[in-house]
Amino acid sequence: MRQKNRRAGIGAVLGITLCAAAVTGLLLSVKAADSGQSVPRIIVNQGLGMGLNCTDGEFYPMDMLVAERNTGFFVQIEPEVWQEVGAQPTLLISNDTDTWRFTDSEYWEEYGLLRFDTGERTAWEAGRYDIRVDLDRGGILDREAAFNRMRDMEILVVPIAGYYSGETKQTGPLGESLWQYTEKVFPVGGEDLHWNIYDDNDVALDTARYDLDTSLGRLRAWQYLKRLHDGGDADMVIGIVPENMKQRASSEEASVTGFTFGDNVSVISLQDTCPQVTVAHEIGHCLFLGDEYENGTFSVSMNMVPYGMKGKNRYRLSETVQGTSPYIIGGTADEWQGSGTVVYAGQYPYDIFSGEILFRDKTSFMGLSGYPEPEYWVTTQIWESLYTELCELP
């Protein structure tokens with residue numbers, strides 16, 4: 001359940017197996033003389049271009065890549081080095097049988113970033129590729145990339161006609177925007193998440209037995225959805241109700257934006273500030289992610305607790321755990337910023353649908369709710385943990 005009230009991950013190289021490394025496998029070779037500037041490097045971006053090492057706070061290029069997912073190709077290069085390049089750079093991508101050549105590019109001096117336009121070639125089939133950038137007098141950059149398939153995940157979305165203290169309210173039709181955000185921030189290909197809408201009409205939980213303004217009514221609604229989960233093939237069931245709920249029928253305001261009693265079944269209110277982010281949050285729990293807010297339930301092996309934050313161990317609820325890495329910093333949890341781990345603009349958050357890099361700091365979608373969608377993104381640890389969980393390789 002989510003309720004409302006800053007650098008610093010482990011690198012990984014994907015070949016046949018996964019292993020942790022901050023920059024291993026990038027195979028950078030620069031043939032230009034050392035200019036005293038940082039070495040240019042290729043960035044392959046599918047949502048987050050740079051990872052954050054939790055042991056030293058350093059950034060490193062992400063290397064857990066998904067087949068059939070929109071992908072951006074960039075070079076991190078300082079303006080002083082860019083001035084020495086001299087000619088139009090070329091991006092070459094090749095495998096055992098083919099080579100693709102791209103020359104259209106744009107340099108963003110403010111961010112020290114060179115961006116290539118790959119035209120209609122936005123997603124890549126599973127396999128291993130050699131990536132090379134010819135910078136003329138600026139040198140030649142090389143790296144290897146492996147795009148791997150993710151397993152399918154079935155999600156049953158159930159619109160509910162909810163009962164609120166004597167009044168029945170309809171959910172109505174649901175749009176793609178409700179689940180598109182999850183596809184942005186999860187390491188999945190374009191066809192890996194299957195969103196199945198239950199029938200054509202709302203499930204009628206429109207009697208006092210299912211009163212959503214009471215804890216017992218919410219439990220019964222969850223039990224109804226759990227039976228759908230147990231009787232079907234879905235990995236997760238998400239019930240959608242039209243409005244927020246009261247903590248109890250006697251409460252003056254509706255403040256409950258969603259709830260769950262576990263077992264991969266959740267209920268989410270469309271009146272939540274950002275229900276599409278809550279969908280990602282709840283699916284994250286289904287895939288063993290923990291919360292990232294004070295007094296939350298944490299899953300330290302999947303997404304570390306932000307520094308100084310305390311809460312319960314998801315797998316041993318009597319145990320208190322606390323964030324200890326000074327590089328995994330939580331947001332301010334005030335009116336300006338969420339509580340989850342900070343994602344820095346320098347990590348190059350990348351929107352796979354618009355093709356834009358979102359040059360602003362964000363916080364983890366596993367933090368508190370109550371903020372607009374642009375506040376939230378995926379962290380290094382979440383991406384790498386979900387990748388390991390979903391990847392079809394052993």
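Predicted model only: the values in this text are computed from it and were never measured.
- The backbone N or O of Asn244 lies less than 3.5 Å from a partner atom in the side chain of Ser269, making a donor-acceptor pair.
- Under a 4.5 Å side-chain heavy-atom cut-off, the cluster of Ile, Leu, Val, Met, Phe, Trp and Tyr residues that includes Phe298 is completed by Val300, Val305, Met309, Val321.
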Apply side chain to side chain contact (heavy atoms under 4.5 Å, CB included) to the pair Leu228 and Val265, showing each step before the final yes or no. CA-CA 9 Å; Leu228 294 180; Val265 176; over 6 Å; no
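- Taken from NZ in Lys226 to OG1 in Thr260, the straight-line distance is 11.0 Å, to the nearest 0.5 Å.
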Please determine whether side chain to side chain contact (heavy atoms under 4.5 Å, CB included) holds for the pair Arg248 and Ser251, giving the CA-CA distance in whole Å, both sets of side-chain angles, and the decisive distance to 0.1 Å. CA-CA 5 Å; Arg248 57 191 64 85; Ser251 300; 3.2 Å; yes
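- In this structure the side chain of Thr297 reaches within 4.5 angstrom of the side chain of Leu317, judged on heavy atoms.
- For Arg115 and Asp117, the salt-bridge test fails: no basic side-chain N is under 4.0 Å from an acidic carboxylate O.
- Ring planes of Phe359 and Tyr111: parallel class, angle under 30° (limits at 30 and 60°).
- The backbone N or O of Glu58 sits less than 3.5 Å from a side-chain atom of Asp56, completing a donor-acceptor pair.
- Side-chain contact check for Thr341 and Glu292: at least one donor-acceptor pair (N or O, by modelled atom type) lies under 3.5 Å.
- Between the Tyr371 side chain and the Gln337 main chain, a donor and an acceptor come within less than 3.5 Å of each other.
- Relative ring orientation between Trp124 and Phe147 is described as parallel, the plane-to-plane angle staying below 30° on a 0-90° scale split at 30° and 60°.
- Of all non-hydrogen atoms in Thr90 and Phe116, the two that sit nearest each other are C-CE2, 4.0 Å.
- Considering CD1 of Ile238 and CD1 of Ile268, their distance stands at 5.0 Å, rounded to 0.5 Å.
- The closest donor-acceptor contact from the side chain of Arg314 to the backbone of His285 lies under 3.5 Å.
- The closest side-chain heavy-atom distance from Asp211 to Ser165 is below 4.5 Å.
- Contact annotation: the side chain of Trp383 approaches that of Met64 to within less than 4.5 Å [non-hydrogen atoms, C-beta and beyond].
- Residues Met153 and Asp192 fail the side-chain proximity criterion, which asks for heavy atoms closer than 4.5 Å.
- Among residues two or more places apart in sequence or in another chain, the ring-ring contact (aromatic ring centres under 6.0 Å, His included) test is passed with Tyr348 by none.
- Between Arg41 and Val39 there is no side-chain heavy-atom pair separated by less than 4.5 Å.
- Here Thr118 contributes atom OG1 and Phe73 contributes atom CZ; the two are 6.5 Å apart, rounded to the nearest 0.5 Å.
- Thr363 contributes no side-chain N or O that, together with a main-chain N or O of Gly331, makes up a donor-acceptor pair within less than 3.5 Å.
- Here the shortest heavy-atom pairing between Gly346 and Met50 reads O-CG, 3.7 Å.
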Determine whether Ile42 and Leu91 satisfy the following criterion, side chain to side chain contact (heavy atoms under 4.5 Å, CB included), listing intermediate values before the conclusion. CA-CA 10 Å; Ile42 297 171; Leu91 169 66; 5.8 Å; no
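- Here Leu92 sits alone; no ILVMFWY side chain lies under 4.5 Å from its own, so it joins no hydrophobic cluster.
- In the hydrophobic clustering of this structure, Tyr163 does not group with Val203; members are Ile, Leu, Val, Met, Phe, Trp, Tyr whose side-chain heavy atoms approach within less than 4.5 Å, directly or through other members.
- Within the model, atoms CD1 of Ile160 and CG of Leu212 stand 7.0 Å from one another, a figure rounded to the nearest 0.5 Å.
- Counting heavy atoms from C-beta on, the side chains of Leu289 and Leu386 come closer than 4.5 Å.
- Ile93 is listed as a side-chain neighbour of Phe102, based on a closest heavy-atom distance under 4.5 Å.
- Between Arg149 and Glu125, no side-chain nitrogen of the basic residue sits less than 4.0 Å from a carboxylate oxygen of the acidic one, so the salt-bridge criterion is not met.
- A pairwise comparison of heavy atoms in Asp213 and Lys246 identifies OD1-N, 2.9 Å as the closest pair.
- Side chains of Gln347 and Thr380: a donor on one and an acceptor on the other come within 3.5 Å.
- Remark: Lys312 NZ to Ser299 OG distance equals 15.5 Å, nearest 0.5 Å.
- In this view, Asp152 satisfies the salt bridge (Lys or Arg N to Asp or Glu O under 4.0 Å) rule with no residue, not counting sequence neighbours.
- Scanning all heavy atoms of the two residues, the minimum distance from Cys54 to Ser325 falls at O-OG, 2.9 Å.
- The minimum heavy-atom distance linking Cys274 with Pro372 is given by the pair SG-C, 4.2 Å.
- Shown here is Glu319, whose CD atom has more than 12 heavy atoms of other residues, nucleotides or ligands within 6.0 Å.
- Considering only heavy atoms from C-beta on, Leu193 stays 4.5 Å or farther from Trp179 through its side chain.
- Centroid-to-centroid, the aromatic rings of Phe365 and Phe186 come within less than 6.0 Å.
- Remark: the backbone N or O of Met304 is paired with a side-chain donor or acceptor of Gln381 at under 3.5 angstrom.
- Qualifying salt bridge (Lys or Arg N to Asp or Glu O under 4.0 Å) partners for Asp351, counting only residues two or more places apart in sequence or in other chains: Lys184.
- By the ring-ring contact (aromatic ring centres under 6.0 Å, His included) test, Phe261 is found to be paired with Trp222, residues two or more places apart in sequence or in another chain being considered.
- Rounding to the nearest 0.5 Å places CH2 of Trp377 at 14.0 Å from CG of Asp361.
- Within 6.0 Å of the CD atom in Gln322, the count of heavy atoms belonging to other residues, nucleotides or ligands exceeds 12.
- Formation of a donor-acceptor pair under 3.5 Å by the Ser385 side chain with backbone atoms of Met302 is found in this model.
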Under the side chain to side chain contact (heavy atoms under 4.5 Å, CB included) rule, what do Thr278 and Thr257 come out as? Steps first, then yes or no, please. CA-CA 9 Å; Thr278 303; Thr257 61; 5.6 Å; no
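- Nearest heavy-atom pair, Val66 versus Gly189, reported as atom, atom and distance to 0.1 Å: CG1-N, 3.4 Å.
- When atom types are taken as modelled, the side chain of Tyr210 and the backbone of Tyr224 share no donor-acceptor pair closer than 3.5 angstrom.
- Proximity of a side-chain donor or acceptor of Arg143 to a complementary backbone N or O of Ile43 within less than 3.5 Å is not detected.
- Checking Val85, Val75, Ile77 one by one against Tyr107, the side chain to side chain contact (heavy atoms under 4.5 Å, CB included) holds for a single residue, Ile77.
- Here the side chain of Asp235 pairs a donor or acceptor atom with the backbone of Glu154 at under 3.5 angstrom.
- Within a 6.0 Å sphere centred on OH of Tyr307, other residues, nucleotides and ligands contribute 12 heavy atoms or fewer.
- By the 30° and 60° cut-offs, the orientation of the rings of Trp108 relative to Phe74 is tilted.
- Shown here is Asp98, whose CG atom has more than 12 heavy atoms of other residues, nucleotides or ligands within 6.0 Å.
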